[in-house]
Protein chains: 2
Amino acid sequence: MGLTKSEIFTDEQNQLSQLLKAMAHPARIAILQRILISNTCICGDLVEELGLAQATISQHLKELKTAGLIQGTIEGVSVCYCINPVTWKLMEKQLGAFLSAYKGEAHCC
Amino acid sequence: MGLTKSEIFTDEQNQLSQLLKAMAHPARIAILQRILISNTCICGDLVEELGLAQATISQHLKELKTAGLIQGTIEGVSVCYCINPVTWKLMEKQLGAFLSAYKGEAHCC
DNA sequence: TATATTAATCGTATTATTGCAATGTATTAA
DNA sequence: TTAATACATTGCAATAATACGATTAATATA
C-alpha cells in the first residue's frame with residue numbers, strides 16, 4: 001500500500017501520468033513558462049525570479065529533466081536549460097488526443 | 001517545508017497545476033478514458049474493470065470530482081459520473097495555450 | 001421489516017513530495 | 001594556487017498521496 005500499482009495500467013496511461021505529474025506543480029509550470037517566454041535557453045536566474053531556494057529550484061529542474069520535458073547543457077560555469085522538443089511534441093499529441101476525446105454532446109448527469 | 005508555497009505563484013499557475021495533478025495518476029486517467037469512451041454515464045463497473053479496491057476507486061473519483069473534472073449524480077442505488085463540461089473546456093483552453101507556447105524553432109542546447 | 005446492493009468514509013500503513021541548510025563539485029578569475 | 005561563482009547532491013523534517021480493510025449510509029427489493 002502507498003505505492004501506485006503501475007503494472008495494472010497500460011504503458012500509455014503510465015507514460016501520460018508521468019508527464020502530467022512532472023508538470024503538476026506551480027513552480028515547475030512557472031519554470032516552463034519562463035523557458036517558453038524567453039524562447040531561448042535560460043540559465044540560473046530562476047532562483048532570483050521565483051521565490052524559492054536554489055536547492056529547491058535545482059530539484060524541480062531535475063524532475064523536469066528526468067521526465068524529459070527539458071534538457072540542459074553546461075555552459076562554462078552555468079547551465080543552460082531549454083525545452084526538449086521530442087518529449088514536448090509527444091506530450092502535445094498524447095494530451096491533445098486525450099482531451100479532444102470529449103465531445104460535449106451527451107450530457108447525462 | 002513539505003508544503004507547496006502556493007502564495008508565491010499566480011492563480012493561473014496554481015489552478016493549472018491543480019488540474020494537472022488531478023489527472024496525474026494512471027488510475028484517474030483510466031477512469032477518465034472509460035468515461036470518455038462510453039460517452040454516457042457509467043457507475044461502479046469501474047471497480048471490476050480496473051484492478052483496484054472499491055475504496056480506492058471511490059477515492060480517485062472524489063479527487064476528480066473535487067478538481068471539477070467530473071460530476072456525479074445519484075441514480076437510485078448507484079452513482080452516475082460524467083465529464084464536467086465547464087472545467088474540461090477550461091482545461092483544454094489553458095493547457096492548449098500553455099503547450100502551444102512552444103515554437104520549436106530556436107534549439108539552443 | 002429484513003436484507004441485499006452500491007458507494008462513501010474512516011483508520012492505518014506505506015511511500016512520495018516539498019523545501020531548505022549544508023556540503024560537494026566544477027569551472028572561471030585573480 | 002586561491003578564491004569566487006554556479007549548480008548539484010545529500011540529509012533531514014514536514015506534509016501529501018496511495019491503497020485497502022472495515023465500517024457506515026442510503027436506497028432498493030423480497
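Naming convention: chains lettered A, B, ... in sequence-line order (proteins, then strands); numbering from 1 in each chain. Every value quoted in this text rests on a predicted model; they were computed, and no experiment measured them.
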To the nearest 0.5 Å, what is the distance between [atom1] on [X] and [atom2] on [Y]?
| X | Y | atom1 | atom2 | result |
| --- | --- | --- | --- | --- |
| B:Ile57 | B:Leu50 | CD1 | CG | 4.5 Å |
| A:His25 | B:Leu20 | NE2 | CG | 12.5 Å |
| A:Leu61 | A:Ile31 | CG | CD1 | 4.5 Å |

Polar side-chain atom of A:Arg28 near backbone of A:Ala22 as donor-acceptor pair, under 3.5 Å:
yes
Roughly how many Å is it from [atom1] in [X] to [atom2] in [N], rounded to a whole number?
| X | N | atom1 | atom2 | answer |
| --- | --- | --- | --- | --- |
| A:Leu20 | C:dT17 | CG | C1' | 17 Å |
| B:Ile31 | D:dT18 | CD1 | P | 11 Å |
| A:Asn14 | D:dT18 | CG | P | 13 Å |
| A:Leu50 | C:dC20 | CG | P | 11 Å |
| A:Phe9 | D:dT18 | CZ | C1' | 11 Å |
| A:Glu75 | C:dT28 | CD | C1' | 14 Å |
| A:Lys5 | C:dA13 | NZ | P | 19 Å |

Which residue, A:Glu75, A:Gln71, A:Lys65, A:Arg34, forms the side chain to side chain contact (heavy atoms under 4.5 Å, CB included) with A:Tyr81?
A:Lys65
B:Phe98 vs A:Leu36 side-chain heavy atoms within contact, under 4.5 Å
yes
So A:Leu52, base contact, sugar-phosphate only, or nothing? Heavy-atom distance under 4.0 Å.
sugar-phosphate
At less than 4.0 Å, is any side-chain N or O atom of B:Lys21 found next to OP1 or OP2 of D:dA16? Yes or no.
no
Quick check on D:dA19: is either OP1 or OP2 less than 4.0 Å from any side-chain nitrogen or oxygen of B:His60?
yes
Once each nucleotide of nucleotides 2-9 of chain C is scored for protein heavy atoms under 4.0 Å, what B/S/- sequence comes out, 5' to 3'?
---BSBBB
